[in-house]
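Notes follow the structure.
Just so it is clear, the values below take in all heavy atoms, side chains as well, and ignore hydrogens, waters and symmetry mates. Reminder, nothing fancy here: chain letters follow the sequence lines and each chain counts from 1.
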Amino acid sequence: VTPALAGVALAVVVGGVLAVSARAPRSAVFGLLIVLVGSSFVAEPLPESLGLAARLVAAVLAGELLWISVRGVEFLTDGSRLGWPAEVLVAAAGGAVGYGSHGLGAPALGPVEAQVAGFALAALAIAPLLNGNDILRIGIGLNLLLAGVLLVAGALGGTWTPEELLVVAGLIAVVGGSVAAMVRATRSDGGLLELSAGMARARKPEAHPLDGR
Amino acid sequence: MTVTPYLVASLGFAALTWMVRGRREAYVASGVAGLVATLFLALLLDPAASISFGSIELAGSAYLRLFLLAATLVGIGLALSGLAGESRDHGAPVILATLGIGGLTLGLADPLAGVMAGSAAGAVSAVITVVPTGDRAGATAGIRGLRAVAIAAALGIGATAWIGRDLSDLQAQPVVVYGLAYLAMAGAVAIRFGAIPFHLWAARLTDVIPESALPVVTVLAAAPFAIVGAGWIEASTGSLLVDLGTERGLVLAVAVGSVVMAAIAALLQDELEHVVGYSIVGDAGVALLGLVALGPESGGAMLTWILLLVVGRAAFAAWAASVRASFGTGRISELYGWMTRAPILTAAFGLIVVAAIGVPGFAAFEARSLLVGRAVEGPLAPLVAIAVLAPLAYYGRLVSVGVGRPRYLGRGEDWRPNVEPVDLTAPLAWWRQTWQRNRRFAGSVVALALGLLAVATSAGAFGAAEASADAARARGAPVIASPTGDPGSEPASTLEPGGTD
């Protein structure tokens with residue numbers, strides 16, 4: 001275990017805990033931003049500068065779009081129903097599994113810290129994905145899941161090549177932007193970020209027979 | 001020409017169209033111009049041309065060209081169909097972005113990069129639920145679709161990263177490792193297609209987006225991901241001596257369950273958009289059979305079927321959208337007599353049914369038969385062979401309603417074109433007026449055109465079967481170190497942990 005790498009991985013997990021625990025939307029987005037930026041550096045050796053820069057730009061872009069989408073939001077997101085201490089334990093459990101299964105049955109080409117952080121993020125993502133009741137919380141959950149699985153992929157296959165990182169960057173930016181678009185659309189409808197209770201959109205008049213009844 | 005100009009144009013026009021979404025006319029003009037431009041670029045694509053960016057290769061192929069041509073035509077048709085439907089917003093920027101990233105997915109030779117790009121295509125397609133202006137219901141369906149995309153991405157990336165390295169020193173049972181990886185990728189493809197039991201997100205979509213937008217999310221964006229996933233499965237497990245019987249049985253159950261249950265659900269639904277949605281799920285079930293029946297021939301058949309899935313389901317969606325625009329209702333129970341009131345839609349429907357069911361000798365019919373024959377063995381085989389024809393039931397219901405005595409339908413607008421001489425003093429005003437008067441006609445013609453394209457695709461026109469077979473061979477070639485062993489040696493499932501060949 002490299003102390004510096006372990007420190008970055010720890011920061012990533014802390015960001016994940018903040019993202020799923022915070023009830024203030026901007027705090028949750030800030031936590032996610034820490035995850036997206038920090039996870040770029042959990043690699044041994046570090047990726048080449050071009051790929052790293054692309055991934056960082058994508059991470060900041062995704063975070064910025066989400067930040068803008070919740071600008072001026074006074075109402076709260078769901079946050080964790082269990083509270084941050086429980087989320088810390090969830091992350092610790094996930095991280096322990098990642099540490100114990102490094103390589104998943106075969107020699108790994110990447111650092112154990114990446115797999116620890118990846119499993120921790122994936123564990124943190126489960127509750128928002130399964131039980132999230134608002135758009136932002138589900139969006140944060142799926143971003144955490146993707147960040148986690150990308151970390152695990154790096155732990156198994158080693159440092160990403162610059163070209164692979166371009167594709168990774170595209171995925172991060174697109175997913176972040178898509179979630180931001182959903183949050184924005186929800187806000188345009190007024191009120192909270194909660195999911196729609198009745199899914200069916202009001203049908204337009206022409207959806208019904210005009211005559212003949 | 002390589003695929004790069006196509007990608008640049010589609011993504012560039014998508015961004016431009018998105019930026020001007022606040023101005024309706026600029027939005028429509030930019031979207032249509034982008035779709036037409038990408039169609040020309042798809043026509044100019046050289047199947048043999050490839051380009052490398054460092055370690056990433058963008059390879060052209062006949063199948064890539066065919067897929068992009070078909071998908072772009074479908075995109076144009078769906079965008080026009082959305083425009084023709086009154087009060088139905090269309091998603092040209094999302095269609096363009098989905099086409100571009102989908103093309104990137106198919107062009108990437110590396111499966112891990114392909115899975116990630118395919119996931120990005122799914123993520124961008126989900127935005128169609130909130131364009132050009134969204135609401136809570138649209139965002140709710142969209143975020144659920146996005147969740148499905150993310151879970152599928154996690155499964156796909158995890159599987160490719162797990163197996164995509166040297167496993168000659170594997171410390172676990174090969175059957176466990178390869179079995180789980182196979183299940184992860186097959187599950188990812190099933191989730192993306194909305195196969196039963198992973199269909200809830202797709203079912204919710206039908207409640208909030210117009211018929212013409214549905215295939216963008218569930219077919220257009222999912223197909224490239226499925227093609228990459230199928231190629232990866234073939235390359236990583238196809239040549240193994242590992243016995244994946246149980247895992248394949250599970251995927252077979254999902255595939256057959258989707259075919260049968262979707263046909264039943266479509267038969268019971270009263271709303272056309274739900275019928276379209278479940279028909280996509282059912283046809284996707286046939287495609288999933290390609291993940292069970294491993295081998296280059298099955299891979300080729302699956303790719304052929306996916307081409308039909310893209311075109312045929314888009315044609316059905318465009319038909320449903322046009323029916324709603326024409327008669328002011330999408331409820332089947334209120335559509336008695338639709339056939340007698342809409343000759344063009346009747347012809348389009350006939351073409352769609354012929355394309356979907358097929359006739360012996362059609363490429364899609366033969367592909368489906370091959371998939372069923374290779375995937376299912378024993379007494380179940382004849383039952384599955386009959387089950388894949390189950391869509392005849394809901395098509396039959398639509399016909400019986402269509403030829404029935406009109407109960408609720410008014411005469412509606414005239415189904416024929418209504419064009420007045422061009423007013424040279426105000427051509428734009430003339431064009432707007434003409435378009436407004438011919439929305440119904442335009443929607444019907446789009447459905448008819450897509451129906452014709454579907455029949456051509458089903459028949460194997462444009463060399464679809466050959467291109468699919470070549471693509472399957474190229475994608476399915478084993479590219480990784482794996483416990484393949486010599487032909488005839490002991491199956492790896494019986495090896496001790498850590499023991500490969």
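No other option in N143(A), L109(A), V149(A) has as many heavy-atom pairs under 4.5 Å with chain B as V149(A). Contacts with chain A were tallied for A154(B), A113(B), G158(B); A154(B) has the most, counting heavy-atom pairs under 4.5 Å. Between chain B and the residues L150(A), I172(A), L129(A), V183(A), the most heavy-atom pairs under 4.5 angstrom are made by L129(A).
Considering every non-hydrogen atom in both W160(A) and L112(B), the closest pair reads CZ3-CD2, 3.6 Å. Closest heavy-atom contact between A123(B) and S178(A): O-OG, 3.0 Å. Looking at every heavy atom in both residues, L142(A) comes nearest to A150(B) through CB-CB, 3.6 Å.
Proximity to chain A involves both the backbone and the side chain of I151(B), based on heavy atoms less than 4.5 angstrom apart. Within the 4.5 angstrom heavy-atom criterion, atoms from both the backbone and the side chain of V179(A) approach chain B. For V168(A), the parts lying under 4.5 angstrom from a heavy atom of chain B are both the backbone and the side chain. Within the 4.5 angstrom heavy-atom criterion, only side-chain atoms of L146(A), from C-beta onward, approach chain B.
Using a 4.5 Å cut-off on side-chain heavy atoms (C-beta onward), I157(B) and L171(A) make contact. Residues M182(A) and T129(B) form a side-chain contact, since some pair of their non-hydrogen atoms from C-beta on lies under 4.5 Å apart. In this structure, D110(B) and E164(A) have side chains that are in contact, with non-hydrogen atoms separated by less than 4.5 Å. Considering only heavy atoms from C-beta on, R184(A) stays 4.5 Å or farther from V130(B) through its side chain.
Within 6.0 Å of the CD atom in E57(B), the count of heavy atoms belonging to other residues, nucleotides or ligands exceeds 12.
Interatomic distance, CD1 of I143(B) versus OG1 of T186(A), reported as 8.0 Å (0.5 Å rounding). Considering CE of M116(B) and CG of L166(A), their distance stands at 10.0 Å, rounded to 0.5 Å.
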